[in-house]
Amino acid sequence: MTVRVRFAPSPTGFMHLGNARTALFNWLYARHMGGQFILRIEDTDRERHTEAAVQVIYDSLKWMGLNWDGPVLRQSERLAIYHEVAQKLIDEGKAYRCNCTREELEAKKEAMKETANHACYDGTCREKNLGPDCGTHVVRFKMPKEGESTFEDMIQGTITKNYKDLDDFIMVRSDGMPTYQFAVVVDDLALQITHVIRGADHIDNTHCQIALYHALGKEPPRFAHAPRIDGLSKRKGSPSVEYYREALGLLPEGLNNYIARLGWSHGDDEIFSMQELIEKFDICDVNRANGEFDEEKLKWVNEQQLRLVPIEEIADHTLERYEKAGIKVEKGEWLYKLLEMMRKRAHSLNEIVSDSLFIWNAPQTYDEASVSKHFNADTPALLEDLANAIQNITDWSETAIEAAFNEIAANRSLKMGKVAQPARTAIVGIAQSPGIYEVVWFVGKDETVRRLHKAAEFIKNR
RNA sequence: GUCCCUGUCGUCUAGAGGCCUAGGACAUCGGCCUUUCACGCCGACGACACGAGUUCGAAUCUCGUCGGGGACGCCA
């Protein structure tokens with residue numbers, strides 16, 4: 001039997017990192033097993049469900065590289081089926097209508113909290129056999145009263161619960177919409193889902209759902225409940241995928257790698273390509289305890305990925321960012337060479353772009369600390385000599401540029417730092433950049449010469 | 001309150017009774033490299049929650065205690 005898993009988010013308007021990991025685990029398991037990964041949108045009820053919110057899910061998944069198989073299932077389009085199944089269960093005496101009002105329920109629940117240790121529905125309508133004409137009503141599932149419910153979770157192991165602690169949960173609301181609890185089972189059955197991989201907050205629900213499967217005469221799928229990710233909600237903006245893509249400028253491989261390793265591991269391995277993740281991931285290897293989110297490590301993992309992915313991909317991710325910065329670049333050898341230079345030292349895609357803008361934009365001002373450290377009365381002459389040496393270069397290569405620098409340093413008996421740092425400050429605006437020869441090469445001969453003279457003037461006029 | 005799950009360095013984890021004086025990674029601290037920043041390299045610090053068992057032997061098995069998380073919606 002081929003593995004069929006699904007990711008079933010409700011469109012809340014942003015992709016929470018916990019959800020993203022659930023999606024990743026499902027996707028990895030499907031790809032690892034040669035199975036299928038289905039996307040389902042849980043949009044029963046809820047005013048907040050907008051198309052924009054649905055689009056966020058698509059965008060996040062696409063960016064992460066988690067492609068889904070087949071059409072997307074929308075719960076809102078399946079109301080007839082839910083009603084049909086509900087009716088069948090009522091006819092078989094496995095579900096019943098309940099016309100208790102919310103107020104009555106509320107009161108009973110309060111009363112029960114005083115006397116009993118749990119607050120289940122008291123079963124007022126359970127044996128009434130109410131017909132469709134009983135007024136405003138919901139449909140409840142008739143939960144077994146005796147014994148216990150047990151299942152083997154692929155991550156958590158054996159999980160047991162007494163039926164007496166389980167409720168006659170509502171399957172169909174009074175407005176006719178199915179509840180999550182009910183719709184999941186109907187849909188997972190329709191989609192022939194074999195493995196349900198989701199967050200651990202659904203563990204208790206699982207017993208209800210398994211009871212439903214049995215009532216429908218079906219075998220439940222296998223369940224795997226992944227632990228939660230802690231430490232996200234306190235940080236502003238950071239729980240969503242968009243934040244890591246935009247504000248932090250991460251590579252999807254970086255986020256995926258980190259998120260996969262949070263709660264899952266493969267020996268001492270830390271860095272995985274997507275392909276390696278698919279090969280090595282197994283849902284059984286996921287840990288049981290909650291994990292604490294650590295942005296520092298995320299950044300480090302991302303840095304490693306920044307050095308590993310194909311340079312063309314780095315280009316794809318930076319093109320738009322350059323455009324936003326007002327720079328027009330095209331994919332090609334020159335850009336790849338630039339990105340190779342930048343990726344070795346950058347921590348994010350954003351940094352690759354922002355730290356390389358000096359190539360197009362001459363410094364408007366000079367960093368104060370760099371100025372006081374590297375500019376002095378002798379500097380103008382030095383920079384002008386250097387400008388002349390560079391002006392005389394005939395073959396524009398890094399070797400030639402290096403030779404020019406060496407010549408200046410030798411003539412003046414200066415250590416290279418005494419030449420390179422003032423030059424760097426003059427050309428970049430700050431005394432921090434990639435190797436100075438590379439920098440000069442990218443800035444270009446004429447522009448370098450211009451900037452050197454300009455800085456010399458600046459120092460003289462101070 | 002009731003129920004469910006969970007507990008190895010600050011954090012992510014390796015570990016499936018002897019290989020563990022507990023390994024790796026991030027962070028931190030120190031050093032090296034170097035024309036700067038960063039990278040990289042080397043080193044240091046640092047944990048089996050606690051208490052009883054079982055066993056020749058326990059981080060690994062059992063029970064209890066304490067701690068952490070979750071569920072108790074006509075939300076998903």
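Order of the sequence lines fixes the chain letters, A, B, ..., with proteins taken first and strands second; residue numbering starts at 1 for each chain.
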Query raised in the report: Tell me: CE of A:Met143 to C1' of B:rC72, nearest whole Å?
Result: 13 Å

**Report entry** Complementary nucleotide of B:rG1, counting Watson-Crick and G-U pairs under 3.5 Å
**Finding:** B:rC72

Requested in this report: Quickly work out the A:Lys299 NZ to B:rC39 C1' distance and round it to whole Å.
Outcome: 17 Å

Report summary line: Of all heavy-atom pairs linking A:Arg451 and A:Tyr366, the shortest is O-OH, 4.4 Å

Requested in this report: Write down the partner of B:rA16 under the Watson-Crick or G-U wobble criteria, each distance required to be under 3.5 Å.
Outcome: none

**Report entry** Protein-nucleotide distance (A:Asp165, atom CG; B:rC5, atom P), rounded to Å
**Finding:** 11 Å

Query - hbond_proxy A:Ser174 side chain to B:rC74 base (donor-acceptor, 3.5 Å cutoff) - result: yes

Query raised in the report: Ring centroid separation for A:Trp68 and A:Phe7, is it under 6.0 angstrom?
Result: no

Query raised in the report: Considering only heavy atoms and no angle criterion, is a donor-acceptor pair shorter than 3.5 Å present between the side chain of A:Arg424 and the base of B:rU35?
Result: yes

Query - A:Arg343 CZ - B:rC39 C1' separation (whole Å) - result: 13 Å

Query raised in the report: Could you give the CZ-to-P distance, from A:Phe182 to B:rC75, as a whole number of Å?
Result: 15 Å

Query - Inter-nucleotide P distance (B:rC5, B:rC20), Å rounded - result: 34 Å

Query raised in the report: According to a strict under-4.0 Å criterion, is A:Arg288 in side-chain N/O contact with OP1 or OP2 of B:rC5?
Result: no

Query raised in the report: Quick one: does A:Glu292 reach the base of B:rG10 with a side-chain donor-acceptor pair under 3.5 Å?
Result: no

Query raised in the report: Hey, does A:Cys208 reach any base, or is it just sugar-phosphate, or nothing, if we go heavy atoms under 4.0 Å?
Result: nothing

Report task. Would you indicate which nucleotide in B:rC74, B:rA25, B:rU35 comes nearest to any side-chain atom of A:Lys297? Result -> B:rA25

Query - side-chain N/O A:Asn406 vs B:rU35 OP1/OP2, d < 4.0 Å - result: no

Requested in this report: Let me know the distance between CZ of A:Arg228 and C1' of B:rC12, rounded to the nearest Å.
Outcome: 18 Å

Report task. Compare every heavy atom of A:Ile229 with every heavy atom of A:Leu17, then report the nearest pair and how far apart it is. Result -> O-CD1, 4.2 Å

**Report entry** Gap in Å between the two P atoms, one belonging to B:rG43 and one to B:rG7, rounded
**Finding:** 32 Å

**Report entry** Rounded distance (Å) that lies between atom C1' of B:rU34 and atom CD of A:Glu438
**Finding:** 14 Å

Report task. For the pair A:Phe281 and A:Trp264, name the ring-plane relationship: parallel under 30°, tilted 30 to 60°, perpendicular over 60°. Result -> tilted

Query raised in the report: What integer number of Å spans the P atoms of B:rA27 and B:rA22?
Result: 24 Å

Report summary line: Under a 3.5 Å limit on both distances, the Watson-Crick or wobble mate of B:rA52 is B:rU62

Requested in this report: Grab the CH2-C1' distance between A:Trp300 and B:rC39 for me, whole Å please.
Outcome: 13 Å

Query - Sugar-phosphate, base or nothing in reach of A:Glu42, heavy atoms under 4.0 Å - result: sugar-phosphate

Requested in this report: Determine the Euclidean distance between corresponding C1' atoms of B:rC56 and B:rC45; express it in Å to zero decimal places.
Outcome: 36 Å

Query raised in the report: Base, sugar-phosphate, or nothing: which does A:His347 touch, judged by heavy atoms less than 4.0 Å apart?
Result: sugar-phosphate

Requested in this report: Spell out yes or no: do the side chain of A:Asp230 and the base of B:rG69 have one donor N/O and one acceptor N/O closer than 3.5 Å?
Outcome: no

**Report entry** Nearest-Å distance once atom P is located in both B:rU62 and B:rU55
**Finding:** 16 Å

Report summary line: Pairing partner of B:rA25, by Watson-Crick or G-U wobble and under 3.5 Å for both distances, is B:rU11

Query raised in the report: With respect to the side chain of A:Ala289, which nucleotide from B:rG10, B:rU35, B:rU6 is positioned closest?
Result: B:rU6

Query raised in the report: Where the side chain of A:Asn287 is concerned, which of B:rU36, B:rG10, B:rA14 is the nearest nucleotide?
Result: B:rA14

Report task. Assess A:Lys337 against A:Trp441: is NZ or CZ under 6.0 Å from the centre of the six-membered ring, and within 45 degrees of the ring's axis? Result -> yes

Query raised in the report: Closer to the 5' end of RNA chain B via nearest nucleotide, is it A:Asp201 or A:Asn162?
Result: A:Asn162

Requested in this report: Write down the distance separating the C1' atoms in B:rU35 and B:rG24, rounded off to the nearest Å.
Outcome: 35 Å

Query - Sugar-phosphate, base or nothing in reach of A:Thr158, heavy atoms under 4.0 Å - result: sugar-phosphate

Requested in this report: Could you please name the option among B:rA76, B:rA71, B:rG23 that lies closest to any side-chain atom of A:Asp204?
Outcome: B:rA71

Query raised in the report: With rounding to whole Å, what would you report as the distance between B:rA47 and B:rG23 at their C1' atoms?
Result: 12 Å

Requested in this report: Please measure how far the P atom in B:rC12 lies from the corresponding atom in B:rG17, and state the result in whole Å.
Outcome: 25 Å

**Report entry** Flag for A:Asp282-A:Tyr29: side-chain donor and acceptor within less than 3.5 Å
**Finding:** no

Query raised in the report: Taking the six-membered ring where the residue is Trp, are the ring centres of A:Tyr258 and A:Phe293 under 6.0 Å apart?
Result: yes

**Report entry** A:His266 or A:Arg140, whichever maps to the more 5' nucleotide of RNA chain B
**Finding:** A:His266

Query - A:Arg261 side chain near B:rC26 phosphate (N/O to OP1/OP2, under 4.0 Å) - result: no

Query raised in the report: Across the strands shown, which category fits A:Gly263 at heavy-atom distances under 4.0 angstrom: base, sugar-phosphate, nothing?
Result: sugar-phosphate

Requested in this report: Please state whether the phosphate of B:rG40, meaning OP1 or OP2, lies under 4.0 angstrom from any side-chain nitrogen or oxygen of A:Gln304.
Outcome: yes

Requested in this report: Would you indicate what A:Pro434 reaches in the nucleic acid, counting non-hydrogen atoms under 4.0 angstrom: base, sugar-phosphate, or nothing?
Outcome: base

Report task. In plain terms, say whether A:Lys280 and A:Asp285 are close enough for a salt bridge, that is, a side-chain N and a carboxylate O under 4.0 Å apart. Result -> no

